[in-house]
Trainee: 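My questions all concern the structure below.
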Amino acid sequence: MTAPINPAPGGLAARLREQLADQLQNAGLLRSGAWRAAVAAVPREVFAPEFFRQGSGPQGTVWTPVTPATEGADTLLEEVYKDQTLVTQLDGGVHPGDVGGPVTGSPSSSSTLPGLVVRMLEDLEPQDGDRILEIGTGTGYSTALMCHRLGGDHITSIEYDPAAAARARTAITAAGYTPRLVQGDGLLGDSEGAPYDRLIATCSVRTIPGPWLHQVKPGGTILTTLSGWLYGSGLVRLTVGDNNTAEGRFLPGTVSFMIARPQAAPGLGDISHQLRQPAEMRPARHGPEVLKEWVPRFLAQVAAPGAQYQRTRVAGGPWLTHAIDIRDGSFATLAPDGNDAFLVHQGGPNRLWDDIEAAVDAWRAAGSPPQTAFTLTVNPNEQRVDLGTPDGPSWVLPT
Ligand SMILES: C[S@@+](CC[C@H](N)C(=O)[O-])C[C@H]1O[C@@H](n2cnc3c(N)ncnc32)[C@H](O)[C@@H]1O
């Protein structure tokens, strides 16, 4: 593990922090003096002393380590204070200092885009004296911003990954902050420190975890992204009610986070056997674009929450798009019909594409509104996404 570099006193780092604060303020993301002061004070270089830079290779995405050994100190600082996500871990255990050159892998921890971090902190609307529970410490940068704003004794942060948690603890201590840090599953919340005034998640969830509802005080706020296995996502702000209830509206913007690890999609493996199962075929009313556009993809996911996205191609043939629920064997495969439209082949117990098309049709019939038209209602019996009014179209989330 690379030791965190010390915050550069004054000089370049301080200037870059001010520049970043100006940039985020001009973009309308940083809206209050208190959060601006936090951005101007917290040394991001301590939390992300090394990271991966994304690039492309012949086999797809590659990640090149950027460390004090590969980059000059000033260049590293300039990178750290760009409004960009810094990926700090791949595949749940590979860190930049562990590898000698570009590698493949999937991001499993990062320092989130500062513009998104501050936008969410503003959306959380904490008041002086509030106690906050953060899920997904990551590098600890957002934890430190909250400590600066509200005081370390008002902040608890939970990180699932032991290596990330240890690095974050080292960095937070080096930067002089004193939150309560927990290594564990944030889906269980923190019964010891509860009740909290507000909860913010910087990993996404498929459904709102039960413990969050009784660990946040009635009237308190839960701010989280709701995501799933089709990569649909939406940032939602809930007000907690009595008796394990909460409700709220989705907020603007295309916000996504890595999914909470215990809720990650089961591996798809080789799907060829599954796709040879008997199938019904019909012309598709909507094609694969549904799984690429922001709101339709979110709708597809709430309509078919067990489905996963996959594309395949048999040598020389067209690309096929699949939605597959490997838990019950349902699948839908979209294939071009040769006339700029698609045929859909569906098999297994559920007609996934029928459900997805019905959801997209309902949204179009409502005038194709933005995600802010959707609400989430949570009670002990169900979690429901509504479009418009409670008597409009709605979808129940998996429990
Ligand atoms: C995008 S990063 C967090 C960024 C962080 N807030 C920052 O500013 O550096 C998401 C983090 O959530 C963590 N995570 C995933 N599932 C979790 C869970 N169930 N409980 C707590 N943390 C989790 C990941 O290990 C990862 O470090």
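Each ligand, and each atom within it, is numbered from 1 in the order the structure gives. Residues: numbered from 1 along the sequence shown.
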Trainee: Consider salt bridge (charged side-chain N to carboxylate O under 4.0 Å, His left out). Of R119, R149, R237, which one does E125 pass it with?
Mentor: R237
Trainee: Is the closest heavy-atom distance from S108 to ligand 1 below 4.0 Å?
Mentor: yes
Trainee: Only counting residues at least two apart or in another chain, list the ones meeting side-chain hydrogen bond (donor to acceptor under 3.5 Å, both in side chains) with S272.
Mentor: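 Expected list: D270.
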Trainee: Please indicate whether any nitrogen or oxygen in G186 is less than 3.5 Å from any nitrogen or oxygen in ligand 1.
Mentor: yes
Trainee: For atom 8 (O) of ligand 1, what is the closest protein heavy atom, and at what distance to 0.1 Å?
Mentor: S142 OG, 3.1 Å
Trainee: Go through the structure and list residues passing side-chain hydrogen bond (donor to acceptor under 3.5 Å, both in side chains) with R31, not counting sequence neighbours.
Mentor: D123
Trainee: Against the six-membered ring of W229, is R206 placed for a cation-pi contact (under 6.0 Å from the centre, within 45° of the normal)?
Mentor: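 Yes, R206 and W229 form such a contact.
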Trainee: Less than 4.0 Å is my threshold; does some heavy atom of E134 fall inside it relative to ligand 1?
Mentor: yes
Trainee: Give the single entry among Y160, F257, F47 that approaches atom 18 (C) of ligand 1 most closely by any heavy atom.
Mentor: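 Checking each option, the heavy atom nearest atom 18 (C) of ligand 1 is found in Y160.
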Trainee: Considering only non-hydrogen protein atoms, determine which one is nearest to atom 9 (O) of ligand 1 and report residue, atom name and distance to 0.1 Å.
Mentor: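 Sorting protein heavy atoms by distance from atom 9 (O) of ligand 1 puts T139 OG1, 2.7 Å first.
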Trainee: Is the shortest side-chain N to carboxylate O distance from R351 to E357 below 4.0 Å?
Mentor: no
Trainee: Do any nitrogen or oxygen atoms of G136 lie less than 3.5 angstrom from nitrogen or oxygen atoms of ligand 1?
Mentor: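 Between G136 and ligand 1, an N or O pair is found under 3.5 Å apart.
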Trainee: How close does the nearest protein non-hydrogen atom get to atom 2 (S) of ligand 1, and which residue and atom is it?
Mentor: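 Looking at atom 2 (S) of ligand 1, the protein heavy atom closest to it is S110 O, 3.6 Å.
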Trainee: Strictly below 4.0 Å, N to O, side chains only: are R15 and E78 in salt-bridge contact?
Mentor: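 Looking at R15 and E78, the cut-off is not met.
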Trainee: In terms of residue, atom name and distance, what is the protein heavy atom nearest to atom 24 (C) of ligand 1?
Mentor: E159 OE2, 3.4 Å
Trainee: Could you list the atoms of ligand 1 found under 4.0 angstrom from a heavy atom of T112?
Mentor: 1 (C), 4 (C)
Trainee: Below 4.0 angstrom, N of the basic side chain to O of the carboxylate: do E134 and R180 qualify?
Mentor: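 The answer is no: the pair does not qualify as a salt bridge.
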Trainee: Validate the cation-pi geometry between R131 and Y196: distance from NZ or CZ to the six-membered ring centre under 6.0 Å, angle to the ring axis within 45°.
Mentor: yes
Trainee: What residue and atom, counting heavy atoms only, is the protein's closest point to atom 16 (N) of ligand 1, and at what distance?
Mentor: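 That would be R261 N, 3.0 Å.
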Trainee: So which heavy atom in the protein is nearest atom 19 (N) of ligand 1, and how far is it from that ligand atom?
Mentor: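 The closest one turns out to be D185 OD1, 2.8 Å.
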Trainee: So F374 and W395, would you call those rings parallel, tilted or perpendicular, with 30° and 60° as cut-offs?
Mentor: tilted
Trainee: Crowded around N243 CG? As in, over 12 foreign heavy atoms under 6.0 Å?
Mentor: no
Trainee: Just which atoms of ligand 1 are under 4.0 Å from any heavy atom in T137?
Mentor: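 Going through ligand 1 atom by atom, the ones under 4.0 Å from T137 are 5 (C), 6 (N), 7 (C), 9 (O).
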Trainee: Regarding ligand 1, does T202 bring an N or O atom to under 3.5 Å of one of the ligand's N or O atoms?
Mentor: yes
Trainee: Report yes or no: does a heavy atom of G184 sit under 4.0 Å from some atom of ligand 1?
Mentor: yes
